[in-house]
Amino acid sequence: MHYVILGNGVAGMEAALALRARDADGRITLVSAEHDHFFSRPALMYVFAGQTSLRDTEPYDRDLYGRMRFERRSGRVASVDAAGRALVFEDGSRLAYDKLLLAVGSKGRKAPWPGADGPGLHSFVTLRDLEALDREAKRGMRAAVVGGGLIGVEVAEVLHDRGLHVIFVIREGWYFPAALDRNESTLVAEHLRGHGVDVRLGATVDAVRRDEVGRIRGIRLTSGEDVAADLVVSTIGVVPDTSFLAGSAVRLAATGAIETDDALRSTAPDVWAAGDCANVTWFDGTRRPEQLWYTARDQGRVAALSMLGDDVAYRRGTWYNSAKFFDLEWTTAGWVPATVGPDGSRVPPPDEVRSWWQRVPGRPESQRIVVQGDRVVGFNMLGSRWNHEPLLDWIHQRRPLDWVLAHLGEAQFDEELSPRFRVSAGRA
Ligand SMILES: Cc1cc2nc3c(=O)[nH]c(=O)nc-3n(C[C@H](O)[C@H](O)[C@H](O)COP(=O)(O)OP(=O)(O)OC[C@H]3O[C@@H](n4cnc5c(N)ncnc54)[C@H](O)[C@@H]3O)c2cc1C
């Protein structure tokens, strides 16, 4: 049996390990165009910042490939010949498979503005993106970072740390409306401005301005304002890196994500998909890719079991995530409904849903607890560190708000750095 895994990221690697755990003799080949070794994509910002080497972000030792007898193939795959059961590389060579896992991840969404194509316009998703930005970003330059999500704030931070003047351009009326409400976003924007970042809320890019030799001069906003910049980083989201599958037997959703069934099988025989590139069913019944490290890991493991013939289904657990906005910690767990839709329009709270929120006096810190009916369903914690595990337990145990408020301190990390939780000005 020859298992071929296209993509050497967390979904691909965890699938390879799960296959080897059950199939000692099968041939397993990992294919990647990006790097010969599995590294941590979430740690790319620290590599850019010079705080760690790329090698130090590798989750496993390099001998693992040898010990596991994983074969490796470098190169970009141009198409999948599902009828002939082979990958076709850009140089025309082929790699035959018996079972194929597509774990091809994401790439930066293409910047749609007139003038965007050309030098000086960057993304921050892949190693090549990092290398290109690293070559160009020099102390004293002005950088426009366009797009107010998690990657945008990371890029703003690392460029600011490098000594660039950062203009953070956010289309929506507040930062990261998919996850933060107006109170929380105000707190983050204040924090970023306090660090010297020029945060522009409600600002939409109309065009990228270039001079007569094509060098970036800045961006024009739809308000008519010209914002001077020497480089632009587009952080307007990621899309599945699947354009090479167009027209193949592997069906894609309109977003480009690979359609999968519950067992992560694609529509082509003996072809599975996992990680950022796979379209999966969310708790609310919608179909979208999940774009998180741990969900990619879990999907890789489930896809492997399915490839081995087990009767498995991928079920996403209760949502959690954590990140930092500069040095401001953020932990979210459970259901925290967005208050603004993808098009920027206001979304009314779902039935019976209300939020308890407080800002800790004198600190860039807040807690929000989402309640549905009489039970807590979600948490959004800003400015201090929280352990998501008890938060998830309490959601599963259907705890009421009073009980959670009485116990919340138990879920707090780093009491020496932030005061122990207590209700100060909270309100529902
Ligand atoms: C800057 C940044 C920060 C992030 N921070 C966080 C975080 O804090 N927490 C979190 O949970 N998630 C974070 N994420 C998201 C997380 O990194 C991804 O969800 C996860 O890495 C997806 O893993 P994957 O295995 O699906 O794909 P990937 O890691 O993207 O791996 C896909 C691989 O497939 C290869 N490939 C694709 N197409 C081809 C082809 N045609 N031929 C050959 N090879 C190909 C690619 O080169 C790549 O190496 C972050 C992402 C970015 C970009």
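No hydrogens, no waters, no symmetry mates; every other heavy atom, side chains included, goes into these values. Everything quoted here is computed from the prediction, not taken from an experiment. Counting convention: from 1, in listed order, for ligands and their atoms alike.
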Residue selection (non-hydrogen contact nearest atom 52 (C) of ligand 1) among Leu87, Thr295, Ile151, Val125
Ile151
To the nearest 0.1 Å, how far is atom 48 (C) of ligand 1 from its closest protein heavy atom, and which atom is that?
Glu34 OE1, 3.2 Å
Close N or O approach (Ala11, ligand 1; < 3.5 Å):
yes
Going by distance only, is there an N or O of Ala33 that falls short of 3.5 Å from an N or O of ligand 1?
yes
So which bit of Ala103 gets within less than 4.0 Å of ligand 1, heavy atoms only: side chain, backbone, both or neither?
backbone
When you look at Trp356 and Phe379, which way does the ring-ring contact (aromatic ring centres under 6.0 Å, His included) test go after all the steps?
CA-CA 10 Å; Trp356 181 94; Phe379 297 87; over 10 Å; no
Nearest-neighbour protein heavy atom for atom 37 (C) of ligand 1, which is reported as residue plus atom name and distance
Val104 O, 3.1 Å
Just distances here: any N/O of Leu292 and N/O of ligand 1 closer than 3.5 Å?
yes
I'd like to know if the side chain of Arg162 reaches the main chain of Asp134, judged simply by a donor and an acceptor atom lying under 3.5 Å from each other, with no hydrogens or angles considered.
yes
Tell me, which protein residue and heavy-atom name are nearest atom 26 (O) of ligand 1, and how many Å apart are they?
Asp276 N, 2.9 Å
Please confirm whether Val10 comes within less than 3.5 Å of ligand 1 when only nitrogen or oxygen atoms on both sides are compared.
yes
Distance from atom 27 (O) of ligand 1 to nearest protein heavy atom, with residue and atom:
Gly105 CA, 3.3 Å
Sub-3.5 Å N/O-N/O distance, Trp293 and ligand 1:
yes
